[in-house]
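Worth knowing before you read on, the calculation uses all heavy atoms, side chains too, and leaves out hydrogens, waters and symmetry mates. Everything quoted here is computed from the prediction, not taken from an experiment.
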Amino acid sequence: MELEERPRPKGDLASQLALEPLDSYSHHELDERVARLEAEIARVIAHRDKAAAHRRAAEALFGAPSPQGSGS
């Protein structure tokens, strides 16, 4: 099984954060949490975009991989 095809482990950090009750947080703490989450989202998007650019460069150099099950 390819690494990308593996299911995400249950209980990953994003899933845990989504289940955390927010009632005990103050308005200021919620603002800080939102800022940290937005910074993490920006970091993930930047990494995703860098990986996509790297893949496009590799495909331009070596050609796109053949689809699975093509029999070649």
Rounded distance [0.5 Å steps], CG in L17 versus CZ in R36: 9.5 Å
Note: R33-E20 ion pair, threshold 4.0 Å (strictly below): yes
Main-chain N/O of S26 paired to E29 side chain as donor or acceptor, under 3.5 Å: yes
Spatial distance of atom CD1 (I45) from atom NZ (K50) [nearest 0.5 Å]: 16.0 Å
Side chain to side chain donor-acceptor pair (under 3.5 Å) involving S24 - partner list, sequence neighbours excluded: none
Intermediate values then yes/no, side chain to side chain contact (heavy atoms under 4.5 Å, CB included), R43 and H47: CA-CA 6 Å; R43 184 180 79 90; H47 180 77; 5.8 Å; no
